[in-house]
Novice: 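First the structure, then my questions, so here it is.
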Amino acid sequence: MLNRVKRLLQGTELRRKVYTGSFWVAIGFGSQKALQLASNLILTRLLFPEAFGLMTLVNVFIIGVTMFSDMGIRPAIIQSQNTNNPNFLNTAWTLQIIRGLVLWTVLCILSYPASAFYDAPDLFALLCFCGFSAFVGGFRSINQTLAERELKLKQIMLIKLSGQLVGIFIMVVLALNFKSVWSLAIGTVGGVVSEITLGHLILRGHRHKLCWEPTFAKQIFNFGKWIFWSTMFTFFSGQGVRLIEGRFVTTEILAMIAIAGTIAWIFGELIERFMGNVLFPTLSRINREDPQRFASILIRLRTRIMFATVPLFGLVSLLSVFIIDILYDSRYALAGQILSVLAINSAIRTMPQIYQNALLAQGNTRLHFTTIAILACTNIIGLVTGFLSAGLFGMLIGSGLGYLAGYCVTLAIIARSGWVSVRWELFFVMIIATFALISFNIHLNQ
């Protein structure tokens with residue numbers, strides 16, 4: 001009887017944490033997106049489209065190098081049983097710092113060849129300067145990850161919003177005075193420095209110091225070896241395609257794709273935040289404490305998430321041209337048609353994400369990597385084939401079809417776990433296909 005009461009109380013506590021965490025994720029995400037949109041509207045009127053194309057390339061390189069070196073430190077801490085040991089946490093923090101220094105060095109090395117490859121001389125200095133943010137990121141407080149583990153997300157969201165506000169303020173002030181792409185670069189680095197500093201000032205608990213415990217370092221490396229490959233392929237199925245697109249199209253059109261992609265992925269990013277900040281820690285705890293409930297909770301959550309979000313992607317696709325016309329001037333009109341395709345692609349991209357988080361929560365990093373690698377390869381094949389066959393819009397549609405083909409393959413693999421309902425999968429795919437046919441007929445035949 002006592003054990004039953006204990007389980008009930010634990011369930012109530014976990015449910016409360018999930019609801020509270022979800023609330024702060026939604027509030028933080030909504031606030032961040034509102035600030036991003038407002039700053040974007042201001043900055044697109046102060047700067048030229050090519051500036052955003054250049055910063056798109058800079059950000060893609062930084063994200064790419066960051067993901068290529070991901071050792072899974074954050075998920076290793078969230079899933080680990082050793083978080084009460086200061087040496088484990090300090091070893092993880094030391095690894096973060098070393099990794100940050102390596103990232104900055106690699107970005108500086110890549111900067112000149114990248115500027116020559118894209119025939120963009122400014123890219124050399126921009127990459128060297130903005131790469132400093134990767135080094136600073138290595139000093140991120142471990143207390144932030146511990147707060148995420150316990151679903152204490154209020155302070156984390158406030159810290160991120162504060163850093164974003166500082167970055168936007170710097171960008172706008174500099175853009176008003178200098179009209180240069182450097183206003184975006186300096187604001188980006190300033191925002192990261194502010195966020196990292198606030199994280200140490202506000203989040204208390206663990207006291208950081210440099211430490212190297214070989215046993216814990218090996219434990220993190222063993223967990224993260226498949227995470228490394230997973231994040232590498234995740235990059236190529238997401239931001240990494242910008243590198244390929246940047247070779248196929250001009251920086252001006254790349255700016256249109258980046259702007260449309262930001263709007264198209266708003267709901268996808270919210271799902272991503274929810275899964276990373278709430279669902280993954282929750283499933284990790286359930287897997288540690290009550291694995292029998294794992295499958296049933298996962299199935300219920302997936303169905304509800306898809307019902308809530310797939311129609312929203314379809315609505316964005318249908319209203320794409322109207323959205324761009326309202327938000328931007330005539331120079332960005334092409335982004336409306338691009339958005340109609342990218343919104344559908346974003347709906348497809350959300351389909352496998354909850355399964356990938358579930359695999360990670362169970363510590364099955366190898367199968368997690370396999371699913372991501374398949375999706376990345378089919379996405380790139382579809383993108384390149386589409387461009388060679390039908391130019392810009394062939395590239396965009398081909399990317400989505402490639403991702404869908406990869407998803408079908410990954411479902412066949414994940415189905416062994418007993419998590420997959422073929423009926424619901426077909427239902428959601430048919431909804432996406434219906435929205436795509438209507439939207440493309442309206443917008444791509446203009």
Side-chain angles (χ1 to χ4, degrees), residues 10 13-14 16-18 20-21 24-25 28 66 69-104 133-164 166 191-225 227-228 231 273 275-289 357 360-361 363 365:
Q10 286 176 338
E13 177 214 359
L14 182 58
R16 177 182 59 80
K17 285 187 174 183
V18 168
T20 304
W24 283 109
V25 166
T66 301
S69 63
D70 190 356
M71 296 181 290
I73 294 172
R74 175 184 170 273
I77 293 172
I78 289 175
Q79 201 202 40
S80 178
Q81 305 279 1
N82 297 315
T83 52
N84 291 326
N85 191 320
N87 287 341
F88 171 74
L89 298 177
N90 284 323
T91 299
W93 190 61
T94 303
L95 278 170
Q96 273 189 187
I97 295 171
I98 295 171
R99 175 173 171 261
L101 179 59
V102 172
L103 289 181
W104 189 21
S133 63
F135 171 61
V136 174
F139 290 87
R140 189 179 303 274
S141 173
I142 290 296
N143 289 316
Q144 183 167 328
T145 305
L146 294 175
E148 291 177 23
R149 174 185 164 98
E150 297 301 321
L151 297 177
K152 298 175 181 178
L153 303 178
K154 178 180 178 180
Q155 288 179 314
I156 294 175
M157 293 303 148
L158 293 175
I159 289 169
K160 289 183 176 180
L161 283 173
S162 300
Q164 185 180 7
V166 170
V192 172
V193 172
S194 300
E195 181 183 332
I196 300 303
T197 303
L198 288 171
H200 282 278
L201 293 175
I202 295 175
L203 295 172
R204 300 290 184 175
H206 173 70
R207 298 183 66 181
H208 298 78
K209 66 177 183 179
L210 296 177
C211 174
W212 188 264
E213 185 73 43
T215 302
F216 292 137
K218 184 178 179 180
Q219 178 183 326
I220 294 170
F221 278 123
N222 285 339
F223 180 87
K225 62 185 178 182
I227 299 293
F228 167 80
T231 51
R273 295 274 187 93
M275 290 183 183
N277 293 327
V278 178
L279 185 69
F280 170 57
T282 300
L283 291 177
S284 295
R285 176 172 171 176
I286 292 169
N287 187 62
R288 290 193 304 267
E289 299 177 1
N357 277 271
L360 200 58
T365 54

Novice: Would you indicate whether the side-chain heavy atoms of Trp212 and Leu95 approach each other to under 4.5 Å?
Specialist: yes
Novice: Provide the closest heavy-atom pair for Leu103 versus Ala134 in the form atom of the first, atom of the second, distance.
Specialist: CB-CB, 3.9 Å
Novice: Could you check whether any side-chain heavy atom of Leu158 comes within less than 4.5 Å of a side-chain heavy atom of Ile202, counting everything from C-beta outward?
Specialist: no
Novice: If every non-hydrogen atom of Pro281 is compared with every non-hydrogen atom of Met275, which pair is closest and at what distance?
Specialist: CD-O, 4.3 Å
Novice: For residues Phe216 and Leu89, determine if any side-chain heavy atom of one lies less than 4.5 Å from a side-chain heavy atom of the other.
Specialist: no
Novice: Quick one: pull up CD1 in Ile156 and OG in Ser141 and give me the separation to the nearest 0.5 Å.
Specialist: 9.5 Å
Novice: Roughly how far, to the nearest 0.5 Å, is the CD1 atom of Ile142 from the CZ atom of Arg207?
Specialist: 16.0 Å
Novice: Quick one: pull up CG in Leu101 and CD1 in Ile98 and give me the separation to the nearest 0.5 Å.
Specialist: 8.5 Å
Novice: If you apply the rule side-chain contact (heavy atoms from CB on, under 4.5 Å), what do you find for Lys160 with Gln144, and how did you get there?
Specialist: CA-CA 11 Å; Lys160 289 183 176 180; Gln144 183 167 328; 3.9 Å; yes
Novice: Are any non-hydrogen side-chain atoms of Leu153 and Val278 less than 4.5 angstrom apart?
Specialist: yes
Novice: Grab the two heavy atoms, one from Leu161 and one from Gly28, that are nearest each other, plus how far apart they are.
Specialist: CD2-O, 4.0 Å
Novice: Of all heavy-atom pairs between Cys211 and Asn87, which one has the smallest distance, and what is that distance?
Specialist: SG-OD1, 3.8 Å
Novice: Taking the side chain as everything from C-beta on, heavy atoms only, tell me whether Gln219 gets closer than 4.5 Å to Glu213.
Specialist: no
Novice: Report yes if some heavy atom in the side chain of Leu210 is under 4.5 Å from a heavy atom in the side chain of Asn90; otherwise report no.
Specialist: no
Novice: A side-chain contact here means heavy atoms from C-beta on lying under 4.5 Å apart; do Arg140 and Thr145 qualify?
Specialist: no
Novice: Only one of Gln155, His208, Arg204 passes side chain to side chain contact (heavy atoms under 4.5 Å, CB included) with Asn143; say which it is.
Specialist: His208
Novice: So, for Ile159 and Gly199, which heavy atoms are closest and what is the spacing to 0.1 Å?
Specialist: CD1-CA, 3.8 Å
Novice: I want to check something: taking the side chain as every heavy atom from C-beta on, are Ile97 and Phe139 in contact at a cut-off of under 4.5 Å?
Specialist: yes
Novice: Identify the two heavy atoms, one from Ile220 and one from Phe88, that lie closest to each other, and give their separation to 0.1 Å.
Specialist: CG1-CE1, 4.0 Å
